[in-house]
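All residue numbers in this chain count up from 1 along the given sequence. No hydrogens, no waters, no symmetry mates; every other heavy atom, side chains included, goes into these values.
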Amino acid sequence: MDAFIRFTNQTQGRDRLLRATQYTCMLLRYLLEPRAGKEKVALKLKNLEASVSTGRKWFRLGNVVHAVQATQQSVHATDLVLRLCLTLANMNRVICFICDTVLWVRSVGLASGINKEKWLVWAARHYYYSLLLSLARDLYEISLQMEQAKGEKSASQEPLGYSVADEETEWLQSFFLLLFRSLKKHPPLLLDTVKNICDILNPLDQLGIYKFNPGIIGLGGLVSSLAGIVIVACPRMKLKIH
């Protein structure tokens with residue numbers, strides 16, 4: 001109970017719970033809408049999803065400050081590739097949250113002359129860029145861990161456990177075995193990679209790059225939210241900046 005109270009006392013913790021609720025509603029609504037007699041339930045889920053989405057906007061108002069602080073921290077990363085990926089990703093997050101704040105100002109009626117569609121596209125575009133750069137960071141970290149695991153294997157002369165004649169198949173088996181070992185040894189890297197892959201589905205759909213049905217987006221958002229809950233609840237699972 002104490003851990004739950006500490007989690008819900010955090011703004012990010014409450015946002016992750018609301019986000020999980022929002023995408024759960026989206027997923028359930030997609031599954032129930034085709035079924036006869038479930039129209040009322042689907043409508044209730046749609047209304048709940050809209051209400052939760054509105055509530056989450058309040059929690060995101062201070063995210064510009066957090067993104068600016070993250071940008072300042074990433075500038076000091078020792079690794080050049082990590083420094084570039086993280087800094088550019090956080091800068092895009094800053095722009096995304098600024099767009100989000102402008103949209104909130106319009107939604108509460110403080111400024112009626114704002115072009116909603118234009119700002120939505122800008123927010124989605126910079127969110128997409130941020131996620132691409134975050135995934136580039138993840139892939140770079142994975143490659144480093146795989147190189148390290150490969151070096152450890154060579155030093156210990158540990159067998160791969162496979163005996164195949166086909167060299168291409170053997171290479172693939174070696175690659176996936178190293179990938180599995182690297183991610184198993186570094187859960188924060190696995191969690192961050194899964195989270196970013198799931199998150200990128202939404203801007204891909206919004207920008208028309210690749211269209212997904214609401215069920216896929218809902219499932220991806222739910223998985224990403226659960227990963228985010230684990231990261232907030234267990235800070236040691238957050239991928240560190242080197």
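- A distance-only check finds a donor-acceptor pair linking the side chain of Lys240 to the backbone of Lys238 [under 3.5 Å].
- Considering only residues two or more places apart in sequence or on other chains, Leu133 meets the side-chain contact (heavy atoms from CB on, under 4.5 Å) condition with Leu88, Ala89, Asn92.
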Checklist entry - Do Leu132 and Ile200 pass the side-chain contact (heavy atoms from CB on, under 4.5 Å) test, and can you show the C-alpha distance, the side-chain angles, and the key distance before you say yes or no? => result CA-CA 8 Å; Leu132 281 181; Ile200 207 169; 3.7 Å; yes
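- In this structure a side-chain-to-backbone donor-acceptor pair under 3.5 Å is missing from Lys38 to Leu32.
- Sequence neighbours left out, the pairs with a member in residues 194-204 that pass salt bridge (Lys or Arg N to Asp or Glu O under 4.0 Å) are Arg19-Asp199, Lys195-Asp199.
- With a 4.5 Å cut-off on side-chain heavy atoms, Val194 and Cys198 count as touching.
- Of the N and O atoms on the side chains of Tyr128 and Asn202, not one donor lies less than 3.5 Å from an acceptor on the other residue.
- A donor-acceptor pair under 3.5 Å links the side-chain atoms of Ser143 to the main chain of Tyr140, judged by distance alone.
- We find the OH-CD1 distance between Tyr210 and Ile216 to be 9.5 Å, quoted to the nearest 0.5 Å.
- Between Ile142 atom CD1 and Leu189 atom CG the span is 4.5 Å, to the nearest 0.5 Å.
- In this structure, Lys184 places its NZ atom where only 12 or fewer heavy-atom neighbours from other residues, nucleotides or ligands lie under 6.0 Å away.
- Linking Ile, Leu, Val, Met, Phe, Trp and Tyr residues whenever their side-chain heavy atoms come within less than 4.5 Å leaves Phe180 and Leu178 in two separate clusters.
- Using a 4.5 Å cut-off between side-chain heavy atoms of Ile, Leu, Val, Met, Phe, Trp and Tyr, with links allowed through other members, Ile95 and Val64 fall into different hydrophobic clusters.
- Side-chain atoms of Glu141 never come within 3.5 Å of backbone atoms of Leu139 as a donor-acceptor pair (strictly under, hydrogens ignored).
- Crowding of Phe212 atom CZ: a count of heavy atoms from other residues, nucleotides or ligands under 6.0 Å exceeding 12.
- Atom CD of Gln145 sits about 9.0 Å away from atom CG of Leu183, to the nearest 0.5 Å.
- Residue Met26 qualifies as enclosed at atom CE: its count of foreign heavy atoms under 6.0 Å is above 12.
- Rounding to the nearest 0.5 Å gives a distance of 12.0 Å between CG of Leu179 and CG of Leu172.
- Panel note: side chain Asn90, backbone Ala67; no donor-acceptor pair is recorded below 3.5 Å.
- Atoms CH2 and CD1, from Trp119 and Ile98 in turn, are 8.0 Å apart once rounded to the nearest 0.5 Å.
- Rounding to the nearest 0.5 angstrom, the gap separating the CG atom in Leu222 from the CG atom in Leu27 is 6.5 Å.
- Between Glu49 and Arg29 there is a salt bridge, since at least one side-chain N of the basic residue sits less than 4.0 Å from a carboxylate O of the acidic one.
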